[in-house]
Every structure is written in C-alpha cells, then in structure tokens.
Amino acid sequence: MVWARHICSSHAAKSSSFTSPSPPFATANCCKCQLGPASWFTLNTDGVVSSSGHGFVDGLLRDTEGSWVGGFSRAIGMTDALQAKLWAIHDGLTFARSLGINQIQLQSDNLLAVNLLKNQDVVSSSFSLVRTIANLLHRAWLMDISWIPWEGNSPADWLAKKALGSSCQPLILDFLPPDLLLLLSADAHGASLMQIPSHNQPSMEPFTLKPNVLKNILVRFLSFGVLLLAVRFAFLIAIRGQSCVAGDDFCLFNVRHMSSVAVQSDKRYIHYYSSVFQDLIAYGYLSPNSKSLCIDTLTGEEVLALKRIGVSDSIGISKKSSRWKQPFKGSTFDFEFSSGLESSRFPVEFGSEICRTLKPGGFLVAHVTAKDAYSFQSFLDLFDCLRWIRSRETDGPDPPTKIQEIVMKKERQKPSPNNNSGEKDSVPELKREIIRNAEALIQQEPLRPWITMKRNIENIKYLTSMVDISFKRKYVYIDVGARSYASSIGNWFKKQYPKQNKHFEIYAIEADKAFHEEYKARKSVKLLPYAAWIRNETLFFEITRDPKRKSIATQRGRGMGRIHPVQSSASYVEDVDRIQGFDLAEWLTSVAGERDFVVMKMDVEGAEFHLMPRLIETGAVYLIDEMFLECHYNRWQKCCPAQRSPKYHNTYRQCLDLFTSLRARGLLVHQWR
C-alpha cells in the first residue's frame, strides 16, 4: 500500500494494544499542510468488531473544504462494539493532537458513545476509557462532538471494513487511498453511497466505482425497488385480495436490498432505529448473527435499520387485526422488537405470541410510553416467560417525545404461575404508594352523613387519575346492588368515572325484580338478576314493610332491599321475595384475572360485612383494583334528631375498621354514599 505505512517500523516501542493507554500516533508527522489557527477540521471515526471478536478502529481528518488531511487505522484486540467506537474516538483525538490541530468537529455514528462523552459527569464516568477521553477533551482546544447517521460516516466505515483481516500493526495514512476518493467526493457534495456488506466475509475488496458503473448500479437499485413493490402488490391482490392496512392481512418485510426510493419518506426513523440497535449490540442484547423479528412495523423502518447495521437475518410483521397468531414456529427468533404494544387491544395475546416465538435466552426490546410504575408493572405482567433486565427513559423518534426502552430475556424454564388464593404475604410498595396518595378516610362519625358522604365523593382521587391503566387484558366494571340503570351506572360510571378511553365490560348485580325489565334495553350491560352472597343458596329478599315507601323508592331508582338466609326469614314470608343467591367471590374469579383491570361498586344494605370477609378469605379481593363501598351502620336519622336508625346494628367504628383493613391489604377503597 503506497498510501499507508506501518508506524511500528519506526516507533515500535509506541505501538498500542487494546489495554495500552499510550497513543499510537504521538510522534507521527504525515501531513505537511500548514493549517491556519482559525481553521476547523472534521474528524470522522469508526470501529468494527469481526465475527471472531477482534476490534479494528480508524479515522480520517478533513479540512474546512472537505479535503483529505490524514488518516489512521489499527487493531485493538478482543473487544465489543461500544469499546471499539470509543477507542476510535480516543485514537482520533490523539492523532489530531499530534498534528497540532486545535479546532475539531468530531463526528461518530454511535449515539451511545456520543451521549457518554457529552454527559455532564463524563469526568467521573464508570468507564475508564471514557474518563481517558474526557481528559483529552478538556485540553486547550475547541471541540464539537455530534452524532451523524451511518451514511454520513461512510468514509470512516469504509476504512474500518478495510481493516478487517489486515495486520495488527497500526497504520498512518499519508495519502488519500484511491478507493476512498469517490466516497469523499460524494460526501463533500452531500451525497452518500450505500453499501451493506456481508459480515461473514473475513475481508473486503477495495470499493472502486467509475461514474458509469455507479449510474448502472443506481438504476438497478431503483428498478429492483419498483419490481419489489409490483410483486408485493400482485401478491396482495391475487392471493390476499386486500391491502396491507385492511382486514387480517399480514405484512411481511424481509427485503435484502432496498432502493433509496422505498425509504425516502422516513429516513429519520431509520437513522433513529439504527442508533437504537447499535446501542443494543454494544450491550450484548443483539448481535449481527441474531435472527430478528420486528413486530407491528407498518412501513418496515425497523427492519431496514437492522439490515443497515449488519443484522441481515431480520424480518418485520404487521397485522391490522388485534387477535392473531404470528405465522412462525415456536422458538424461532433470538431477538424481537416492538414499539406498537400500546396500540393492541389484546396485549396479553400479544405477549403470549412473543413468549412462543422467542428462543430461550432470547431478548425482547419494547418501546412504550409507560408513564408510571403501575403501567410499567402491568407491562411486565404480560410476559410469563420473560425476566426483566433493564429499562431506561430515552428520546423517541419524534422529539421531545420520551419513551421507555424495556429489555427482557426469555427464561429457559417457565416460572411457576402466581397463586391468587389465600392470604397475600405482603402488599407491594406500588399499591402502598397509591393508597398514600388517595383521599383520607373520614375518621369521625358524621353528624349529618347524608351530606358528608355526598361531599366526600367530590374529594375522591380515582385510580385512573393517578396512574396509566394500559397493558391490561380487559377492563371490567361490576355494580353490586346496581338498582336502576340511572342510579350509578348511567349517571356516575358512564359519565363521571375517568376511563382513559378504555372499553369496559359492565355487570349489574341486582336482586330486586322491580329493576330487571329496564336492563333488557341496555345491551351494553350484563344483568345478573340474583343476590350477591357468600355461597350458592336460596335467600329471602326483604324489599320494605311499607308498600308506599317501596313505590317511592322504585320511582327514585333506589331499592331498599336486604337479603336474609332462608332460616332467618321464615317469620317474614309475607314481606319478602324468594330469590337465588350466588357466591360472589367464586363468580369474580371466573370472570376476571390478575391481568384485568376491575372496578367494583358495592351497595348491599349491610351484606358487605358478610361479602368482604369472603372475598378476603378466597383471595378474590386481590383481583379488584378499585372499589367504591357504601358501608351501612346505625347512623343518625335525618327525620329524627338524636336518634339512630334501627335498621342496622353495626357501628361507624366497625365500618371504619373495614375500610382501614381493606386499604391495609392494598385495595384502593373509597367511602361511597
């Protein structure tokens, strides 16, 4: 190579290895240009790692007009992708320093490396190499560090690929390599020549192109893109009969080469995801040999980004329908990526398919906008087979949007399922924090409870106003003692409860026959015309002992019935209806699970002192996320001052103890009117 020389021939004692902090270019003098003190120079660096794990670094300097100043290249031994990028920056700064250059624009295509160096605490970084570079940066020169897309760093990338398979001795590039001339010329005019080499090849042939050859290649790339779109369109029309965004059609992206026309509209997304995947390679979650799947990628930018950084065995899939199974065999992929889990109406099925198709030991990386610890935990609960590795907040593709990047690993043995039944050993700190932020319980018995409790509803802090309830399998509202539709379902839950645009299944449990007829016209509500109880048995339902009060109560939509077991109601047969009671706890476990979001309102005229212990005993209480409970006690009567109601025997202190015990178990319960 007439344009390069081994610096170890004259400076053997100063040759550098992977662990050596000494610069390999300290005394090199390969450029005779006289540089003005006000000139800014551009330094592009790059580092690559071969399939055997050996790293190579390189860089080149250009003046303000983009003309060649000098370059370098060397091997650094066994390393990883991030270390290679950092060593390239280190050697580039040392090389520039040896030439007496003091105004540099440093450019790297590795976003993580750039962020590490631009961090305010870079001097105290946990990476020793980063601290060494920080010491170089704080010397007497002007420095601007920036990230550039892969295409903008193509000259440095060419040098790095050229170094693969070469000798381990450092090289100083005294003259511009002829094969690099075309790349520099294109880069100076704002163009880029895209090439995705095979990482299986041990070395790379010089990249030589004449203008007519370049024109032919570009024409072929464009023709290939047009042909690809035509074939795909013909497949959709002839085989599927519909487009990629309609019906149940799968969109598969598995393009080995893509023309510039096909990705023109979303280049910034490709640049963004390229940086994301490069960081994941640096941390060991992804490798060039990973068989990768991008889920819910409508236009395929993630797949193109993977292929661009060398992960050639990549495919993307998208489907309009919410319920679907991936068309792949089990344990197929080493790496899966998704940024669309939040848009799925059935995230649990989504998670099950990921568990099925991901190989044991494989990684899932998801980008979500989990806003709090509650939604973050709900997301983790979607995956039985995965173990959480890390999460971090980072910039999204559309600034200033922030996203959570969550990394999970598939366990080789499936964890045992959680058991809902029985007493829980402890309450998660997450639930304790939610309850601490809730409205306080009314400690003193109200003298005018009909006013105090009504005002208290205005102070309620709904769970859905404190946390994000995304990533649940389904959303359920259960009204126990529903009365009429307008009583609480229509006038309160439908109109006032903050549902975060989620669709709720609604169940109305009402034993009073006077209200059953109106629910026939409410198709969105499932009526259970029975009495909620602690077991399945026949009960007597006491409406009222005054027919006039019963009529008034029915017109107002508030029944006044109480339930009694058969034995205790034998003497009141003339005043009661015979009804069927059912085990509320048993029924609740049949319609809801841990992954569901359940809201319950309970107004059962004193039966709460039977129902709540049963829910606690069976563990069904832990399926309820938020509860609105009206506790009935011998309160002061509105009609008769200084007289308590003889209808109930429990005291306000017993009600307060019930609320306190439920909150202590992690249930966000509110005092209802």
Side-chain angles (χ1 to χ4, degrees), residues 49 53 79-83 85 110-113 115-116 119 125-127 130 272-297 302 305-306 309 311 313-314 326 330-342 344 347-348 350-396 402-418 428-430 468 470-471 595:
V49 179
T79 186
D80 56 40
L82 179 60
Q83 290 271 15
K85 300 288 186 180
N110 187 275
L111 184 60
L112 179 58
N115 288 339
L116 286 173
N119 192 294
S125 173
S126 59
F127 291 94
V130 173
Y272 170 78
Y273 286 117
S274 295
S275 300
V276 168
F277 294 138
Q278 282 180 330
D279 292 349
L280 295 174
I281 288 178
Y283 282 107
Y285 306 132
L286 175 66
S287 76
N289 298 322
S290 296
K291 187 175 180 64
S292 305
L293 172 67
C294 296
I295 307 170
D296 252 12
T297 171
E302 298 96 324
L306 282 170
I309 65 169
V311 186
D313 193 1
S314 305
Q326 296 178 14
S331 301
T332 298
F333 298 100
D334 304 293
F335 175 84
E336 297 192 19
F337 177 83
S338 176
S339 58
L341 273 170
E342 289 169 297
S344 173
V348 173
F350 206 129
S352 298
E353 280 300 283
I354 290 176
C355 282
R356 185 182 67 83
T357 57
L358 193 63
K359 290 180 181 178
F363 290 94
L364 165 70
V365 176
H367 281 187
V368 300
T369 56
K371 303 178 181 63
D372 48 60
Y374 185 91
S375 58
F376 175 73
Q377 186 59 50
S378 298
F379 176 84
L380 297 184
D381 291 341
L382 295 177
F383 308 97
D384 288 335
C385 66
L386 303 184
R387 176 172 58 89
W388 174 76
I389 301 296
R390 76 160 196 189
S391 60
R392 62 168 184 163
E393 185 179 71
T394 184
D395 292 331
K402 296 289 185 179
I403 57 99
Q404 284 286 335
E405 182 179 85
I406 302 175
V407 180
M408 305 181 75
K409 184 178 182 180
K410 184 174 180 178
E411 298 288 3
R412 298 188 180 276
Q413 291 184 350
K414 185 176 180 179
S416 57
N418 294 328
E429 179 59 28
L430 171 61
D468 178 14
S470 300
F471 309 118
R595 295 174 176 175

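Residue indices begin at 1 and follow the sequence shown.
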Visitor: S292 and L306: which non-hydrogen atoms are nearest, and at how many Å?
Guide: CB-CD1, 4.0 Å

Visitor: Give me the ring orientation class for F379 and F383: parallel if the planes are under 30° apart, tilted from 30 to 60°, perpendicular past 60°.
Guide: perpendicular

Visitor: If you take all heavy atoms of R595 and L382, which pair is closest and at what distance?
Guide: NH2-O, 3.9 Å

Visitor: Roughly how far apart are M408 CE and S391 OG, rounded to 0.5 Å?
Guide: 10.0 Å

Visitor: Could you check whether any side-chain heavy atom of V49 comes within less than 4.5 Å of a side-chain heavy atom of D80, counting everything from C-beta outward?
Guide: no

Visitor: Can E393 and K402 be counted as an ion pair, charged N to O under 4.0 angstrom?
Guide: no

Visitor: Near K359 NZ, under 6.0 Å, is it more than 12 heavy atoms from other residues, nucleotides or ligands?
Guide: yes

Visitor: For the pair I295 and F350, evaluate side chain to side chain contact (heavy atoms under 4.5 Å, CB included) and give the outcome as yes or no after the intermediate values.
Guide: CA-CA 10 Å; I295 307 170; F350 206 129; 3.1 Å; yes

Visitor: Got a second to check how far I309's CD1 is from L286's CG, nearest 0.5 Å?
Guide: 5.5 Å

Visitor: Heavy atoms, side chains only, cut-off 4.5 Å: are S378 and S470 in contact?
Guide: no

Visitor: Rounded to the nearest 0.5 Å, what separates atom CG in L293 from atom CD in E302?
Guide: 10.5 Å

Visitor: Do V365 and F277 have side-chain heavy atoms sitting under 4.5 Å apart?
Guide: no

Visitor: Drop me the distance from K410's NZ to T357's OG1, to the nearest 0.5 angstrom.
Guide: 7.5 Å

Visitor: On a heavy-atom basis, which atom in T332 and which in K291 lie closest, and how many Å separate them?
Guide: O-CD, 3.3 Å

Visitor: Is any side-chain heavy atom of D381 closer than 4.5 Å to one of V348?
Guide: no

Visitor: Please say which of F337, Y285, F333 ends up in a ring pair (Phe, Tyr, Trp, His ring centres under 6.0 Å) with F363.
Guide: Y285

Visitor: Give a yes or no on whether the backbone of D372 and the side-chain of D468 come within a donor-acceptor separation of less than 3.5 Å.
Guide: no

Visitor: Just jot down the ring-ring contact (aromatic ring centres under 6.0 Å, His included) partners of F335, sequence neighbours excluded, or say none.
Guide: none

Visitor: Taking all non-hydrogen atoms of both residues, which atom of A305 and which atom of Y273 are closest, and how far apart?
Guide: CB-CB, 3.6 Å

